[in-house]
Amino acid sequence: MTASALPVPRLHIVTGKGGTGKTSVAAALALALAGAGRRVLLVEVEGRQGIAPLFDAPSLGYEERHLAAGLDGGEVFGQSVDADEALLDYLTMFYRLGSAGKALQKFGAIDFATTIAPGLRDILLTGKLKEAVSRTESGRMAYDAVVLDAPPTGRVVKFLNVTVESGRLAKTGPIGKHSRSVARMLHSSLTAVHVVTTPAAMPVQESVDAYRELMAADLPVGHLVLNKVAGAKAVEVDPEAIAAGLARAGVGPDAALVAGLVEEYAAAKAEIEAVDGYRDRLERLGRPVEELPLLPEGVDLSGLYQLARVLRPGVSGERRHG
């Protein structure tokens, strides 16, 4: 099968080093994917509550809730997935415990279970993602895409590698069968793991390392997102032109002032040129690279739509190389 024939992913997992803006990118990606008539679910885990403030909305809960309109009239819904609630769903689905599951939660049995088997927590969280991706309503998919604001790059492979965890917990029975079905989805063309970075040495290196770890775990890497890129371009500066410009502005072209401005620009130029180097390093990994601008005022709902418009051409008809 050629790369162009690969299906468009339906589960988009967004990871990145802390401080790279992965939550904002995940939210913008959800808006970009919510084209006309499309419904997108934006999910967060680990109780971080980073999504709701971006949409100027109340904190998210386990119930899915409408957040915003997409770029072309689609809808974005939000959810904060909690392992305890996911386990109650699991007990109801596979063991039909119903209200008995609530009793287990009341007496702390669920906390006990996830404490003695910490891998179970990740299985439950990723299992909830599979349920959202697979769910149908009135004869059609409930969501056209699911976007996860995932754990950071240092933990994302362990979080997604449920096959290993399920082998430790159970080789047979509902838990083993369920986790293996989740693993098949996470390792398939239905999933894309997008890695967010910023134009600086440490986050780019961590992104390269994350890419290699994801590939080694046979997890499908989607786009690499270079976030918070300043829009300036490096140009040559002429001290005489600076002095003339200062004179036109009514500022005496003091030699020390001109020299200071030239020195300051030289530092800025080196930083601008470094961005090209970071971009080249990411492109050598062989995955599409999306570049998002730095928003000086920070990211609010208006900024999310701005980022979504930049992302849309690259991700709306996404095909992975392979």
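Values below: all heavy atoms of this structure, side chains included; hydrogens, waters and symmetry mates excluded. Along the sequence shown, residues carry numbers from 1. These figures come from a predicted structure and were not determined experimentally.
Here Arg39 does not pair with Glu64 in a salt bridge; the nearest charged N to carboxylate O distance is not below 4.0 Å.
Put simply, the side chain of Tyr278 never gets that close to the backbone of Val204: no donor and acceptor are under 3.5 Å apart. Although no hydrogens or angles enter the test, the distance criterion places a donor-acceptor pair under 3.5 Å between the side chain of Thr126 and the main chain of Ile123. No donor-acceptor distance shorter than 3.5 angstrom exists from the side chain of Gln79 to the backbone of Leu60, with no hydrogens or angles considered. Using a distance-only test at 3.5 Å, with no hydrogens or angles considered, no donor-acceptor pair links the side chain of Thr15 to the main chain of Val195. Lys22 places no side-chain N or O within donor-acceptor distance of the main-chain N or O of Pro152, the cut-off being under 3.5 Å. Counting only distance, with no hydrogens or angles, the side chain of Glu46 and the backbone of Pro151 share no donor-acceptor pair below 3.5 Å. Formation of a donor-acceptor pair under 3.5 Å by the Arg10 side chain with backbone atoms of Val133 is found in this model. A donor-acceptor pair is defined here as one N or O able to donate and one able to accept, closer than 3.5 Å; such a pair exists between the side chain of Arg65 and the backbone of Pro58. Put simply, the side chain of Ser80 never gets that close to the backbone of Gly47: no donor and acceptor are under 3.5 Å apart. Thr153 places no side-chain N or O within 3.5 Å of a backbone atom of Ser207 that could act as its donor or acceptor partner.
To the nearest 0.5 Å, atom CG of residue Asn227 and atom CG of residue Leu295 are 8.0 Å apart. Here CG of Leu11 is found 8.5 Å from CG of Leu190. Values are rounded to the nearest 0.5 Å. Annotation: the span from Leu29 atom CG to Ser24 atom OG amounts to 12.5 Å, rounded to 0.5 Å. With rounding to the nearest 0.5 angstrom, the NZ atom of Lys158 is 13.0 Å from the CD atom of Glu213. The line from CD of Glu291 to CZ of Arg279 is 4.0 Å long, rounded to the nearest 0.5 Å. For the atom pair OG1 of Thr23 and CD of Gln49, the computed distance is 11.0 Å after rounding to the nearest 0.5 Å.
No more than 12 heavy atoms of other residues, nucleotides or ligands shown are found within 6.0 angstrom of CD on Glu63. In Asp280, the CG atom is crowded: over 12 heavy atoms of neighbouring residues, nucleotides or ligands sit closer than 6.0 Å.
Within the 4.5 Å cutoff, the side chain of Leu214 has no heavy atoms near those of the Pro220 side chain. Looking only at side-chain heavy atoms (C-beta outward), Val43 and Val146 come within less than 4.5 Å of each other.
Checking each of Arg38, Arg312, Arg309 against Asp72 for a salt bridge (Lys or Arg N to Asp or Glu O under 4.0 Å) leaves exactly one that passes, namely Arg312.
A parallel orientation is assigned to the rings of His194 and His12, their planes being inclined by less than 30° (bins at 30° and 60°).
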Kindly indicate, with the supporting measurements, whether the criterion side chain to side chain contact (heavy atoms under 4.5 Å, CB included) is fulfilled by Thr197 and Leu226.
CA-CA 5 Å; Thr197 187; Leu226 189 58; 3.8 Å; yes
For the pair Leu311 and Leu292, evaluate side chain to side chain contact (heavy atoms under 4.5 Å, CB included) and give the outcome as yes or no after the intermediate values.
CA-CA 8 Å; Leu311 277 175; Leu292 293 178; 3.9 Å; yes
Worked check of side chain to side chain contact (heavy atoms under 4.5 Å, CB included) between Leu125 and Phe159
CA-CA 9 Å; Leu125 296 175; Phe159 174 76; 3.9 Å; yes
Stepwise side chain to side chain contact (heavy atoms under 4.5 Å, CB included) check, Leu186 with Ile13
CA-CA 10 Å; Leu186 292 175; Ile13 296 169; 4.0 Å; yes
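Across Phe55 and Leu42, no two heavy atoms sit closer than the pair CE1-CD2, 3.8 Å.
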